[in-house]
Amino acid sequence: MSTAVPDKPALEGLEEKWSARWKADDTYAFDRTKTREQIYSVDTPPPTVSGHLHPGSMWSYTHTDFMVRYKRMTGWEVFYPMGWDDNGLNIERRTQINYGVICDPSLPYVENFEPPEKPPKDPIPVSRPNFVELCRRLTEELEDEFEQLWRTVGLSCEWSYLYRTIGKDVSGISQRAFLQLVERGDAFRLEAPTLWDVDFQTSLAQADLEDRELAGAYHKIKFSDIEIETTRPELIPACVALVAHPDDDRYKARFGTTVRSPLFDVEVPVLAHELAQPDKGTGIAMICTFGDQTDVVWWRELGLPVRSIMGRNGRLLPLEWDDPEVQARYDELAGRNAKQAQKRIVDMLRESGDLVGDPKPITHAVKFWENGKSPLEIVTTRQWFIKFPPKEKLLQRANELHFHPEFMRVRLQNWIEGLQGDWNITRQRFFGVPFPVWYPVGDDGEVDWHTPITAPLDALPVDPSTDVPPGYTAEQRNQPGGFIGDPDVMDTWATSSVSPEFVSGWERDPDLFERVFPMDLRPQGQDIIRTWLFYTLVRGEMQFGGLPFTHTNISGFVTDPDRKKLSKSAGNSEDTPFGLIAKHGADAVRYWASGAKPGRDATIDPNEFKIGRRLAMKVLNASKFALGFGEEDASAPIGEPVDRALLAGLRATIAHATAAFEDYDYTSARDVAETFFWSFCDDYLELVKTRAYGQDEGIGLEATASARRTLRIALDVQLRLLAPFVPFVTEEVWSWWREGSIHRAKWPTVDELDGMADGDDATLRAAAHVLGQIRRTKTEAKVGMRAPVLRVDVADAEETIGRLAHVADDLVRAGSIGSLNLTIGEPLIAVELAPTE
RNA sequence: GGGCGUAUGGCUCAGUUGGUUAGAGCGCAGCCUUCACACGGCUGAGGUCACAGGUUCGAGUCCUGUUACGCCCACCA
């Protein structure tokens with residue numbers, strides 16, 4: 001086979017050429033006839049398609065691709081499916097904006113509804129099924145864009161196993177897993193105090209929260225003769241008790257007695273509880289239903305009544321009071337939001353003399369939904385919960401999992417240790433996996449929430465808002481004696497927490513499941529350790545009593561060069577993923593990504609792209625040279641010391657890169673391969689160039705053949721070492737002279753070089769050192785590198801001189817040296833240039 | 001309040017189990033263009049390894065403390 005080396009190799013167009021080719025050839029196809037021991041399976045994070053395409057996503061997904069390509073080359077059959085996470089609130093929001101609609105679940109479904117060309121000013125109310133259709137339409141558009149990006153940046157996914165978290169299969173599996181938990185009693189419906197976002201009017205889970213520092217104030221308030229301090233005086237009407245620490249001498253005598261609340265004159269008990277902190281405020285706290293999560297604990301553990309005043313819309317509920325005066329006061333508060341009510345009640349307390357002194361301004365941490373804009377309230381609602389396995393069990397699993405990097409493990413442990421209560425998986429939203437249950441409606445029209453009608457497993461997935469439960473007819477929906485569908489959807493994490501089971505074909509494709517589960521790798525961001533990683537372990541533990549994967553690779557995050565948040569200005573920004581690839585090339589972008597070890601942050605650094613591009617360019621040019629000597633002579637013996645020294649160094653590089661990859665340290669693997677490659681170009685190529693051409697007198701045919709074969713062997717190995725990082729350019733060069741894809745070639749092993757790599761790497765370094773001295777002399781004399789050298793005297797230790805003697809011929813030719821004199825003695829290199837004509 | 005990570009020339013980072021004058025790339029300065037490469041090559045200047053103690057014959061590397069930045073967790077009245 002003859003080589004087909006282009007005259008002017010170029011990087012332009014390699015992404016299009018090779019991504020199309022890999023697609024057409026199904027280069028990364030997964031062979032599902034392989035067995036579990038032969039397979040390396042990856043639980044790919046399904047990107048949230050509602051998010052903007054972000055360089056950070058491209059960066060971290062590329063990290064996984066380095067590992068995947070390495071594993072594939074080392075002989076593993078790689079199962080690397082891709083999925084899209086199109087659940088969730090963000091996609092609802094984008095759908096509303098994009099099409100100018102708003103969901104009104106009370107409306108009937110409209111066939112073939114088409115939104116207007118341009119979104120109108122006032123959103124059009126549409127039914128829930130219509131709204132969901134529009135959400136799906138939008139996600140499909142966004143998904144195409146994502147797929148395009150993943151292909152362009154060279155992710156070697158298996159696209160035929162693509163899944164969507166909102167898709168029929170995933171919905172079905174989510175519902176099936178849910179029903180199994182219901183069956184076992186591990187998922188249950190409960191009316192309980194729940195974290196609630198008043199703007200989006202949905203309940204939330206602990207993992208959805210974040211703290212924000214907010215300005216507030218301590219208000220000192222009299223309950224009879226006891227003074228308490230609170231930041232939320234507007235909750236006084238919801239007060240059910242005061243609580244102090246059992247050992248607090250100031251209040252010991254008062255435990256068991258009662259006081260009366262100011263303004264509302266409600267009798268509340270004074271109680272003792274360990275959680276009360278004597279050094280906070282006046283040491284005694286007001287318990288309301290519910291001000292914060294501690295209130296919930298106190299309420300539960302002290303068996304207190306509920307006195308709720310906060311509505312789901314964040315405004316104080318209208319309530320009946322016995323005393324007309326109290327009623328008049330409360331009526332001033334009803335209908336106001338927390339902030340407005342606080343302002344009013346403080347005025348009233350001041351007038352009544354129950355406010356002691358002025359409020360003391362403070363800043364304190366307040367719980368928010370991470371996407372929300374108002375502080376969370378706690379309201380009592382009916383929700384589906386999943387019961388967590390015991391913490392000890394979860395901690396044990398957290399210890400069994402292999403973390404890359406190891407220090408990320410503590411974050412998972414911290415989270416598990418801080419768990420409170422059960423997992424609320426209910427969201428009062430529209431676009432998500434519905435709960436596959438209905439509730440009977442009594443003849444009196446009352447809904448029986450306690451005996452849900454579950455969907456038959458073989459009917460899944462179902463949508464209870466359109467599907468009818470067994471034994472009922474469609475006409476009985478919402479009728480006395482009929483049924484009502486569960487109105488809510490599952491939390492997006494309730495769905496994605498079964499991703500390893502789902503992609504592995506659990507309950508759907510037992511043959512596949514057998515071959516790929518438990519999976520090998522879970523790559524993911526550090527920001528979702530408490531959610532995706534944690535919930536996945538929970539589900540794995542509940543379903544199988546073990547880990548759903550054995551390794552996790554946690555990536556850091558990307559910031560711009562100013563360490564600030566990346567700007568999201570869409571379109572023309574050079575910092576969009578497509579913009580970066582267009583400007584620098586996919587290999588250069590991947591090179592940049594390869595510079596960050598697992599768990600380490602990175603910035604968008606134009607220099608790194610430049611260096612990556614330079615490497616890719618160098619690969620093209622060095623390959624052109626190495627392959628530019630006609631037919632390969634595979635029988636030529638590698639006899640020259642320089643050649644054997646090079647291969648010895650290459651052999652060490654293979655060992656080093658392989659060890660690094662085995663440790664998930666793709667960065668070091670790239671580093672050693674890259675460093676070797678540059679010295680290959682700068683030193684080795686210069687030393688053997690003339691010999692390889694074979695034009696000068698006195699060069700034996702065998703010496704020339706040795707150089708030419710070494711060049712090819714070294715190139716072959718180096719291309720494979722670099723292939724996971726710069727897959728496009730290495731594939732391009734591979735195609736010039738090799739059959740098939742380099743990405744299906746074997747990862748190099750040290751055994752390949754048996755019999756030809758017994759040289760001494762130090763020999764090459766010694767020669768390069770002398771060459772460097774000659775270059776310096778020429779540079780100082782301001783002459784070209786090809787300027788002739790009259791003589792070079794080298795003195796050094798016996799060992800070094802011995803090495804140089806072996807490679808003297810190559811050295812003389814590379815340096816255009818007239819005479820080279822080697823002597824044993826104090827280290828010295830003297831270079832005398834030939835006189836210029 | 002508890003914890004994790006980072007701190008090495010202007011910038012981005014390597015520095016393996018403590019061992020001779022601390023490495024690389026970018027940037028910078030200078031030089032070199034026929035024969036793989038100007039989307040290039042070569043050479044050079046540039047660092048008291050955040051700070052303070054300690055262990056040691058010897059510390060960027062180990063120990064203690066401090067500071068700065070980033071992050072995680074916490075029952076935040």
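By convention in this document, chain letters (A, B, ...) are assigned in the order of the sequence lines, proteins followed by strands, and residues within each chain are numbered from 1.
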With a non-hydrogen cut-off below 4.0 angstrom, is [X] in contact with a base, only sugar-phosphate, or nothing?
X	result
R613(A)	base
C288(A)	nothing
K280(A)	base
K8(A)	sugar-phosphate
R600(A)	sugar-phosphate
I529(A)	nothing
W678(A)	sugar-phosphate
M617(A)	base
A276(A)	base

Without decimals, in angstroms, what is the distance between [X] [atom1] and [N] [atom2]?
X	N	atom1	atom2	result
D248(A)	A77(B)	CG	P	16 Å
R691(A)	C35(B)	CZ	C1'	18 Å
R775(A)	C32(B)	CZ	C1'	12 Å
H273(A)	C75(B)	NE2	C1'	10 Å
L620(A)	C39(B)	CG	C1'	10 Å
K360(A)	A77(B)	NZ	P	12 Å
L615(A)	C39(B)	CG	P	17 Å
I226(A)	A77(B)	CD1	P	19 Å

ask   = Do the non-hydrogen side-chain atoms of L355(A) and K220(A) ever get within less than 4.5 Å of each other?
value = no
request  = With the side chain counted from C-beta on, respond yes when I221(A) and P233(A) share a heavy-atom pair under 4.5 Å apart, and no when they do not.
outcome  = yes
Can you tell me, in whole Å, how much space there is between the [atom1] of [N] and that of [M]?
N	M	atom1	answer
C75(B)	U12(B)	C1'	43 Å
C42(B)	G5(B)	P	39 Å
C71(B)	G30(B)	C1'	45 Å
C73(B)	C28(B)	P	43 Å
A38(B)	C51(B)	C1'	46 Å
U17(B)	C62(B)	P	9 Å
U56(B)	U16(B)	P	23 Å
U21(B)	G2(B)	P	42 Å

remark   = Closest to the 5' end of RNA chain B, once I362(A) and H656(A) are matched to their nearest nucleotides, is H656(A)
ask   = R709(A): what forms a side chain to side chain donor-acceptor pair (under 3.5 Å) with it, not counting sequence neighbours?
value = none
remark   = Across all chains, not counting sequence neighbours, the side chain to side chain donor-acceptor pair (under 3.5 Å) partners of Q718(A) are none
query = What string of B, S and - do you get for nucleotides 23-30 of chain B, 5' to 3', when a contact is any protein heavy atom under 4.0 Å?
reply = --SSS--B
Is there a Watson-Crick or G-U wobble partner for [N] with both distances under 3.5 Å, and if so, which one is it?
N	value
C71(B)	G3(B)
A77(B)	none
U21(B)	none
U16(B)	none
G60(B)	none
U66(B)	A50(B)
G44(B)	C28(B)

request  = Could you please spell out the steps behind the ring-ring contact (aromatic ring centres under 6.0 Å, His included) verdict for F534(A) and F388(A)?
outcome  = CA-CA 11 Å; F534(A) 168 68; F388(A) 287 131; 5.3 Å; yes
key: side chain to side chain contact (heavy atoms under 4.5 Å, CB included) against R600(A), all qualifying residues, sequence neighbours excluded   = K597(A)
inquiry  = I need the full list of salt bridge (Lys or Arg N to Asp or Glu O under 4.0 Å) pairs touching residues 607-624 of chain A, with sequence neighbours left out, sorted by first then second residue.
reply    = E12(A)-R613(A)
query = What's the closest nucleotide to the T230(A) side chain, out of A77(B), C42(B), C75(B)?
reply = A77(B)
K597(A) side-chain proximity, nearest of A77(B), A14(B), G5(B) = A14(B)
Cationic tip of R212(A) above F368(A) ring, under 6.0 Å, 45° of axis = yes
inquiry  = C42(B), OP1 or OP2 - any side-chain N/O from R776(A) closer than 4.0 Å?
reply    = no
What's touching nucleotides 69-74 of chain B from the protein side, N or O pairs under 3.5 Å?
residue: C71(B); atom: O2'; partner: R411(A); partner atom: NH1; Å: 3.0
residue: C71(B); atom: O2'; partner: R411(A); partner atom: NH2; Å: 3.0
residue: C73(B); atom: OP1; partner: R530(A); partner atom: NE; Å: 2.6
residue: C73(B); atom: OP1; partner: R530(A); partner atom: NH2; Å: 2.6
residue: C73(B); atom: OP2; partner: R530(A); partner atom: NH2; Å: 3.3
residue: A74(B); atom: OP1; partner: Q206(A); partner atom: NE2; Å: 3.4

request  = Would you please indicate if the ring centroids of Y535(A) and W423(A) are separated by under 6.0 Å?
outcome  = yes
inquiry  = Is the distance between the ring centroids of F725(A) and F661(A) under 6.0 Å?
reply    = yes
No-hydrogen, no-angle side-chain donor-acceptor test under 3.5 Å, T704(A) and R691(A) = no
ask   = Does E234(A) pair with K339(A) as a salt bridge, N-O distance under 4.0 Å?
value = no
Partner of H63(A) under ring-ring contact (aromatic ring centres under 6.0 Å, His included), chosen from F557(A), W592(A), Y664(A), Y666(A) = Y666(A)
